[in-house]
Protein chains: 2
Amino acid sequence: MPRPSVEAARREQILSAACDVVSEIGFKSLRIADVARRAGTSTGTVHYYFDTKADLMRAAFEWNFTRSLDRRRPLLEEQSDPRRRLRAFVESYLPIDDVTVRAWRVWAELWVEALHDRDLQELNDQVYGEWRRIVAGVLRDGQDRGLFRDEDPVLVANGLIGMIDGLALQALLGSRSMTVERMREVCERAIRDLELAAV
Amino acid sequence: MPRPSVEAARREQILSAACDVVSEIGFKSLRIADVARRAGTSTGTVHYYFDTKADLMRAAFEWNFTRSLDRRRPLLEEQSDPRRRLRAFVESYLPIDDVTVRAWRVWAELWVEALHDRDLQELNDQVYGEWRRIVAGVLRDGQDRGLFRDEDPVLVANGLIGMIDGLALQALLGSRSMTVERMREVCERAIRDLELAAV
DNA sequence: CCTCAGTTTGACGGACGCGTCAGTTAACGA
DNA sequence: TCGTTAACTGACGCGTCCGTCAAACTGAGG
C-alpha cells in the first residue's frame, strides 16, 4: 500500500461540511462549491469521494442520523428509571444547542426531499423505526414497573414522536408562539399524562 | 376600461397549477415552465402576473393556506358538540384524499423553505396561530361544558397540532409504520385522553 | 531515485432555467 | 373602423453550476 488511506477522515470532513451548508442555506441552494469551501478543499475532491450531488446528500443525511443516535446512546444507558430515561431522551431533542439545531434542520430537509425520492423514504423509515423502537421500549419498561399507564406503547410512542417532530419544526421556524421553552412545557405535560399518580 | 379584467381568475389558475407542481416534484425542482404548462399558458404569462419565482411561490403558499382554511370553516360551524367538532377538524387533516394530500405536501415544502426565509416564517406563524386559536377555542368550549379535562387549552392545542403535523409528515412519506389508519388511531387516543369519562 | 497508486486540483464544456423584451392579439369605447 | 390598452406569447441573453478531465502532487515501497 503506497500510503495510509485518508478516505474515512476526508469523507467525514466533507459530510460534516455538507450538513453545515444544508443547515445554513438549505438543500435547494446548496452548491458543491459551497461544501468544498466549507470543508477546506476543492470541488474536484468532493466529486472524488461522491460521484454525484445526490450521492453526497444521501450520505450526508445518513451521517447526520448516525451521529444523532450516537450522541443519545449514553443517555439511555445512564438512566435506570424509565421516567427519567424518557425525559432525558425527549429533552435531548429540544432544539437548544447548535448541534441539535443543525441536526434538526438537516432532518427537516431530508423529509421534504424524501417526499420525492423513494430511496430517502426508505432511509427515513429506518430511522423513524429505530426511534419508535427506543421510545416504545422505554414505555414498556415503565409499564412493567407500574410507572406508566397501561396503553399500547407503540401507539403512544408514535404520538409522542410525532408531537416532538411537529413542535421542533415550529420552534425551528422561530415561531413566536412556539419557543423551546413552550415546547418543553408541552412535552412535559404529555409525559406527565402517561405517568400513573405516585403511590 | 377596455375590457373586463381576467386577472383574478388567471392568478388563481396559475397558483393552483403552482401548487400542483410543488406537490408533485417539489419546490426545488419546480420550473416556471412547468407551472405554465400545467396552467395551460406560457412562461411569459406567469411572469406577467408574478414578477419573480419567489413572488409566485410566496403567493402559492398563501393561496394553499387560504383554501385549506376555507374548506374547513363549514366543518366547525356544522358541529355543535365540541367533541364532534374537534374530531371532525382533526379527521379533516388526515391525508386521505388528493386535495388534502396536496395541501399537506405544499405545506411541508413551505416549512423547509421558511427555514431560510424570514418572510415565509412570518406567513407560517400567522397560519399556525390561526390554527392554534381554532383548536384552543374548541377545547375551551368543551371545558366550559364539562366535556374536556381542565388543562391549559393553549398547551393542549399546541401538543395536538404538533402531533398532527408530525404524524402527517410520516404518513406522507409513505412510512410503513405510519399509515393514515395508524395516524387516525393515534389521534383518536390523544383526543380520548382529553375527554372526561361520561357521566 | 524511481515507480505507482491514491489523492488533489481547478478550469472548462455543456446544460439549464429565470427573467426580459419586442411583437402580437383581442376586447372595448369612441 | 380605429385607437387604446390589457393580456399574452415564446425566443433569447445571461448567469449559474454540475460533473469531467488532464495534469499535478504525495508518500510509501522497491
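Proteins come first, then strands; the chains are lettered A, B, ... in the order of their sequence lines, and each starts at number 1.
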| request: Taking atom types as modelled, find out whether B/Q170 and A/N124 have a side-chain donor-acceptor pair closer than 3.5 angstrom. | output: yes

| task | Inspect the contact between A/R149 and A/E195 and indicate whether a charged nitrogen and a carboxylate oxygen are less than 4.0 angstrom apart. | result | no

| request: Among B/D20, B/N64, B/D97, find the one that has a side chain to side chain donor-acceptor pair (under 3.5 Å) with B/R102. | output: B/D20

| query | If you measure only the distance, is there a donor-acceptor pair under 3.5 Å linking the side chains of B/R182 and B/S177? | reply | no

| field | Within residues 41-64 of chain A: residues closer than 4.0 Å to DNA chain D (heavy atoms) | value | A/H47, A/T52, A/K53

| query | What pairs with A/E130 under salt bridge (charged side-chain N to carboxylate O under 4.0 Å, His left out), at least two apart in sequence or on another chain? | reply | none

| message | Does D/dC8 have OP1 or OP2 under 4.0 Å away from a side-chain N or O of B/R10? | response | yes

| Sequence neighbours excluded, every pair satisfying salt bridge (charged side-chain N to carboxylate O under 4.0 Å, His left out) that has a member inside residues 152-170 of chain A | none

| With a 6.0 Å cut-off on ring centres, are B/Y93 and B/F89 close enough? | yes

| Less than 4.0 Å between a side-chain N and a carboxylate O, is that true for A/R118 and A/E122? | no

| query | When you check the gap from the basic side-chain N to the acidic O, do A/R105 and A/E24 get nearer than 4.0 Å? | reply | no

| query | Out of curiosity, A/L115 CG to B/E109 CD, how far, rounded to the nearest 0.5 Å? | reply | 6.0 Å

| field | Sorted by number, the residues of residues 25-33 of chain B with heavy-atom contact under 4.0 Å to DNA chain C | value | B/L30, B/R31, B/I32

| note | Separation of D/dC8 atom C1' from B/R37 atom CZ, nearest Å, is 18 Å

| note | Within residues 111-120 of chain A, those residues having any heavy atom closer than 4.0 Å to DNA chain D are none

| query | Can you tell me if CG on A/D144 sees more than 12 non-hydrogen neighbours from other groups inside 6.0 Å? | reply | yes

| message | With a sphere of 6.0 Å drawn around CG of A/D70, does it hold more than 12 non-hydrogen atoms of other residues, nucleotides or ligands? | response | yes

| query | Got a sec? Which of residues 11-24 of chain B come in under 4.0 Å of DNA chain D, heavy atoms? | reply | none

| said: For the residue pair B/Q13 / B/R10, report whether a side-chain donor-acceptor contact shorter than 3.5 Å exists. | reply: yes

